[in-house]
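For reference, the structure discussed in these notes is given below.
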Number of protein chains: 2
Amino acid sequence: MKPTKAPLRDDVAKRKIYEAVLQRILNGELKPGVRLVENQLAEQYTVSRTIIREVLFTLLRDNLVERNHNRGTQVVSFTPDCVEDLYEIRKSLELLALKTAINAMPLEPLLAFEQRFRELASEAVQVAAPQHVEVDLAFHAFVFEHCQNKRLVAYLENVSQLIHSLRLLGYELEDVVRETGEQHLALVQAFIRRDLATAERLLSDHIDWSKRNALRMLILRRGIAPVP
Amino acid sequence: MKPTKAPLRDDVAKRKIYEAVLQRILNGELKPGVRLVENQLAEQYTVSRTIIREVLFTLLRDNLVERNHNRGTQVVSFTPDCVEDLYEIRKSLELLALKTAINAMPLEPLLAFEQRFRELASEAVQVAAPQHVEVDLAFHAFVFEHCQNKRLVAYLENVSQLIHSLRLLGYELEDVVRETGEQHLALVQAFIRRDLATAERLLSDHIDWSKRNALRMLILRRGIAPVP
DNA sequence: GTCCGGTCAATTGTATACACTTTCGATGGG
DNA sequence: CCCATCGAAAGTGTATACAATTGACCGGAC
């Protein structure tokens, strides 16, 4: 019989490394264009290259890195066109999700979100930026988690993650934060009223606005990574 | 200088194996639920398990197989719900593609498609089934290849491939073939007139109709593969 | 007969060694 | 001084060996 044999091969290791690298991409430590060297990562996480390779394939699957034969892996970088494309897709999919979510989202969390948005609106913007980001992500995730279409959720998570990884949301800018907050508040109120038509219009506008913002940010900071 | 050093390690091998396995899934040789054993495939294609493993990861990326830790890889199988989900996503994305493609598709190919649809309409259905399938795929591919959104194309190809892999299109049924042909003809004519509104309506209806069809087929043939 | 536990073959997971490619800099000729 | 060429170093690609897990088969107790 097996004693407390510590789970020597658990695949949990692989997932943890994936999460770790993902975080490093999302929080901006690994910027677009940076090369991910297999040996380096293997040493960092004290596993064999085999594991790292599989993690890289997973990141590839999630569109977070690019891979060139014999030339390694690098964090994706986007042209303005790509950003525009991504937002258009997101709009379509999120509107699709909304159609069924509007009646499936339970009331209490919606009220909680409304409350939270009100609170944030009355606080100083600069200090609360991280919380704004957090609530923003949670809110959108909340919507599409209630669309009852697993595959759609998967696609949306993928797209959201990509957009987030670009770090183009513009939460450094005060007016952006304020305006986003207002849009979210209006949205959640439409949700509470189960008013699909209004919600669709607001969501569509909201995503268009985010897109314009992202593009502005992208132009603002040229030079962090060359585009192919 | 390098002589005609035959490309010993070219990664072309990997792609070829991917294509081969993909074909076997698409043409129905590897049915949903079938397990893909690494050693077996390695022997079949006379490569090491390493290669096969990477091919399997790629198939996983394309959502064509499922993978369970320590329990291997199998071809995906779908519940009716999944099929419904998939078609809804496809509808959204293809409508998005249409919006920009409607004015980007060159005229000649459209006229050629119209011609082709007319021809097929007047032929005996049974004998022409494979050609119907071929034109069907080509037509939809033609539309979304002109949407000028690379990522959208990638998603759409993925979804189309998945739907195709289900082999649920119902081209064995005479009335299905005929009806599909008529819908395509109407569609291409709307494209030629650059009539977005009509095209959107027709495309939406067409995909809904395909979906109902697929669901019918799915129910028709229970027992080919158990669903989880 | 059925349920339980253990053993064994088949299969997947991981590490490592080696082969090949690419990159970049040094060296030498023009 | 510039450029071509060679070569070493770094990095990726592939094969193979071994470890761990799973699932099935088998025998015995109840």
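Not measured: the values here are computed from a predicted model. Convention: sequence-line order gives letters A, B, ...; per-chain numbering from 1.
- Between B:His69 and D:dT21 there is no side-chain N or O to OP1 or OP2 distance below 4.0 Å.
- Taking atom CD on B:Gln74 and atom P on C:dT11, their separation rounds to 14 Å, with Å as the unit.
- For the pair B:Ile52 CD1 and D:dT16 P, the computed distance is 13 Å after rounding to whole Å.
- Both tests hold for A:Arg67 against A:Phe57: distance to the six-membered ring centre under 6.0 Å, angle to the ring axis within 45°.
- Remark: A:Lys91 engages A:Asp208 in a salt bridge, criterion side-chain N to carboxylate O under 4.0 Å.
- The aromatic rings of A:His140 and A:His206 lie parallel to each other, their planes meeting at an angle below 30°, with 60° marking the opposite boundary.
- Partner A:Phe191 forms a ring-ring contact (aromatic ring centres under 6.0 Å, His included) with one of A:Phe113, A:Phe139, A:Phe142 and no other, that one being A:Phe139.
- Side-chain atoms of A:Ile51 lie closest to C:dT14 of the nucleotides D:dA15, C:dT14, C:dT12.
- B:Leu36 comes within 4.0 angstrom of the backbone, heavy atoms only, and of no base.
- Side-chain nitrogen and oxygen atoms of A:Arg67 include at least one within less than 4.0 Å of the OP1 or OP2 phosphate oxygen of D:dG13.
- Listed candidates were C:dT14, D:dT12, D:dA15. Nearest to the side chain of B:Thr50 is D:dA15.
- In this structure, B:Asn70 atom CG and C:dA10 atom P are separated by 18 Å, rounded to whole Å.
- Counting all heavy atoms, side chain and backbone alike, A:Leu215 lies closest to A:Pro80 at CD2-O, 3.6 Å.
- Nucleotide C:dT23 holds its C1' atom 15 Å from the CG atom of A:Asn68, rounded to whole Å.
- Here D:dA10 presents its P atom at 12 Å from CD of A:Gln40, a figure rounded to the nearest Å.
- Dashed line: the shortest gap from a side-chain N or O of B:Ser48 to OP1 or OP2 of D:dA15 is under 4.0 Å.
- No donor-acceptor contact under 3.5 Å links the side chain of A:Arg49 to the base of D:dG11.
- Between the NZ atom of A:Lys14 and the P atom of D:dT21 there is a distance of 14 Å, rounded to whole Å.
- Between B:Phe57 atom CZ and C:dG13 atom C1' the separation is 10 Å, expressed in whole Å.
- Of the candidate nucleotides D:dT12, D:dA15, C:dT11, D:dT12 has the atom nearest to the side chain of A:Glu38.
- The residue A:Leu41 sits apart from the nucleic acid: no heavy atom pair falls under 4.0 Å.
- In this entry the distance linking CZ of A:Arg71 with P of C:dC24 reads 11 Å, nearest Å.
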